[in-house]
A.B. asks: 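Just passing along the structure, written as structure tokens.
Here the structure is a predicted model, which means the values were calculated and not measured.
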Amino acid sequence: MIPDAWRRGEAAVVGLARSGRSACLLLRRLGLAVYASDQAETPALLETAAALRAAGCEVELGRHDLARIARAAVLVLSPGVRPDAEPVMAAERAGVPVVAELDLAARVLDGTRLIVTTGTKGKSTTSAILAHLLDAAGLGPAAAAGNIGSPLSDVALGPPPEWLAVEASSFQLHDCPALRPAVGVVTNLSADHLDRYPDVEAYYADKRLLFRNASEESRWVLNGDDPLVLRLATDVPGAAEHFSLSLRAAAGFYDRAAGWLVLRGTPLLRRADLGLLGDHNVANALAALVALPPSVDRELLARALRTFTSLPHRLEPVREVDGVLWVNDSKATTVSSCRSAIQSLDRPVVVLIGGKDKGSDVTELRDALGGARGVVAYGDAEQLVAGALEGATTVIRGGHDFGEVLARARAMAKPGDAVLLSPACASFDMFTNAEDRGRQFRAIVEAM
């Protein structure tokens with residue numbers, strides 16, 4: 001539950017998108033005075049401000065009252081607020097506790113057993129599979145919360161579930177001093193968000209905060225194929241289990257020769273019955289299986305996994321046009337996730353790579369593109385991508401018109417190929433977010 005000290009003052013909330021709005025409503029439900037602010041002043045935020053004022057919050061748009069924030073009992077942050085933002089710095093200078101919206105909600109859900117998944121890629125799919133399986137077992141809701149789907153505060157506003165699948169980003173973990181997972185899952189690690197972190201070790205340090213409140217009662221599910229993950233969890237209290245695409249000693253592993261997903265020594269599901277593209281999604285499914293309570297009925301798990309389908313914008317097959325399969329992987333904003341997507345397709349591929357550069361090394365894709373039909377580089381990173389991949393495959397430039405980008409990909413592709421939107425970059429040069437980029441891709445393809 002929340003500290004009594006927070007009730008003796010005013011709670012400040014910075015960032016009023018979905019998470020910030022939910023945090024304000026939760027704080028008001030708990031009886032706290034709330035000052036909420038956002039630097040922007042959009043039509044959507046004006047609607048949010050009106051709703052929050054009706055709930056008893058004081059709201060400012062277009063500015064932050066730094067002096068007021070410095071007097072607050074606590075500062076609650078939306079995930080998109082940078083740690084060096086002025087309101088955060090003002091709070092820290094004044095000794096005001098700074099917590100993420102995720103941390104606030106986790107304090108309220110202190111009776112719910114949280115399965116918290118983090119990692120560089122695969123955390124959304126793993127969280128969604130977990131929620132699907134928890135629902136099938138009658139243990140929790142069918143939707144995951146946190147960095148995927150609804151903010152955790154939305155869940156905290158209702159009846160607390162017994163179990164809950166939660167996705168946590170490094171940004172959220174940075175300010176989650178009270179988060180205590182019943183089960184913590186780390187899917188994998190690779191360089192990411194170097195536009196926000198000074199170096200990769202700082203990014204990994206935030207991921208390690210998943211273990212901040214580890215105890216002997218904690219359970220950890222780790223990628224046994226990823227040395228960085230294993231190093232991250234060195235000397236962490238609690239019981240650790242591994243999932244793997246090759247290690248037969250792991251609690252969950254893929255018997256490639258026999259074509260089975262194996263759970264704790266016994267085959268559970270044929271690979272052909274898992275309706276997801278790519279080995280990385282086999283790993284995601286194995287991670288979810290190992291993270292569940294071992295007492296869950298195995299046949300129930302197998303049946304539930306057969307009905308799970310890919311998430312929107314994550315290796316999502318859209319349709320086939322003139323013998324070419326179009327695949328929406330707009331959420332692949334890292335080089336490593338783009339590589340996995342390319343390797344998951346068993347056919348020549350035209351890859352759409354570009355957007356807003358996140359400081360990643362695109363040259364790491366060169367060897368994965370050996371059998372590709374080509375690359376269409378586009379957006380703000382067009383020149384960077386083209387230069388990094390020149391000579392590895394055919395590279396053409398698509399500019400900033402997304403319709404033209406897809407037209408050039410269509411002209412390059414041959415029957416039997418796939419066109420894969422897997423940008424390895426952020427979306428904010430041409431789109432509102434990655435979902436908007438994926439929706440526009442889907443709409444153009446469906447109109448072909």
Side-chain angles (χ1 to χ4, degrees), residues 117 119 121-137 165 185-188 221-227 229-230 241-311 314-318 320 323 325 327-329 332 336-349 367-368 370-372 416-418 420 422:
T117 300
K121 56 187 180 179
K123 55 186 180 291
S124 292
T125 298
T126 301
S127 299
I129 295 172
L130 270 166
H132 182 73
L133 297 179
L134 286 171
D135 177 63
V185 182
V186 186
T187 57
N188 48 66
V221 177
L222 309 171
N223 187 339
D225 300 328
D226 192 326
V229 170
L230 300 179
E241 291 187 290
H242 297 159
F243 62 93
S244 172
L245 293 174
S246 58
L247 302 173
R248 300 182 71 88
F253 78 91
Y254 178 33
D255 185 340
R256 190 180 300 275
W260 282 88
L261 278 67
V262 180
L263 179 62
R264 298 193 170 89
T266 305
L268 179 80
L269 183 77
R270 289 190 180 277
R271 171 64 181 97
D273 293 332
L274 181 67
L276 298 172
L277 296 172
D279 278 3
H280 63 295
N281 276 324
V282 175
N284 294 335
L286 290 168
L289 288 168
V290 176
L292 288 167
S295 59
V296 176
D297 181 77
R298 295 172 56 89
E299 286 303 314
L300 182 151
L301 292 178
R303 288 196 303 271
L305 267 183
R306 289 188 187 99
T307 64
F308 184 83
T309 56
S310 60
L311 293 174
R314 294 173 178 86
L315 270 182
E316 173 195 13
V318 177
E320 193 167 296
L325 177 65
V327 181
N328 170 19
D329 197 34
S336 58
S337 55
C338 177
R339 169 190 288 274
S340 293
I342 295 167
Q343 293 172 339
S344 73
L345 295 170
D346 57 355
R347 59 178 75 193
V349 62
D367 61 338
D417 289 359
L420 170 67
S422 194

A.B. asks: Between His132 and Thr307, do the side chains contain a donor N or O and an acceptor N or O under 3.5 Å apart?
C.D. replies: yes
A.B. asks: Could you give the distance from CD1 (Ile129) to CG (Leu292), rounded to the nearest 0.5 Å?
C.D. replies: 10.5 Å
A.B. asks: Which is it for Asp255 and Arg248 under the salt bridge (charged side-chain N to carboxylate O under 4.0 Å, His left out) test, yes or no, and what are the steps along the way?
C.D. replies: CA-CA 8 Å; Asp255 185 340; Arg248 300 182 71 88; 3.6 Å; yes
A.B. asks: Once rounded to the nearest 0.5 Å, what's the spacing between atom CZ of Arg270 and atom CG of Leu261?
C.D. replies: 11.5 Å
A.B. asks: Donor-acceptor pair, distance only, cut-off 3.5 Å: does the side chain of Asn284 make one with the backbone of Thr126?
C.D. replies: no
A.B. asks: Enter the distance from Leu276:CG to Ser344:OG here, rounded to the nearest 0.5 Å.
C.D. replies: 10.5 Å
A.B. asks: If you define the side chain from C-beta out and look only at heavy atoms, does anything of Pro317 sit under 4.5 Å from Ser310?
C.D. replies: yes
A.B. asks: I'd like to know if the side chain of Asn188 and the backbone of Lys121 have a donor-acceptor N/O pair within less than 3.5 Å.
C.D. replies: yes
A.B. asks: Do side-chain atoms of Arg271 reach the backbone of Leu274 as a donor and acceptor pair under 3.5 angstrom?
C.D. replies: yes
A.B. asks: Which distance, rounded to the nearest 0.5 Å, do you find between the CG of Asp135 and the CG of Leu130?
C.D. replies: 12.5 Å
A.B. asks: Are the side chains of Arg347 and Asp417 in touch, meaning some heavy atoms are under 4.5 Å apart?
C.D. replies: no
A.B. asks: Given 3.5 Å as the limit, does a donor-acceptor pair link the side chain of Asp225 with the main chain of Ser244, or not?
C.D. replies: no
A.B. asks: What distance do Leu301 atom CG and Arg298 atom CZ have between them, rounded to the nearest 0.5 Å?
C.D. replies: 8.0 Å
A.B. asks: Only one of Asp279, Val262, Leu247 passes side-chain contact (heavy atoms from CB on, under 4.5 Å) with Tyr254; say which it is.
C.D. replies: Asp279
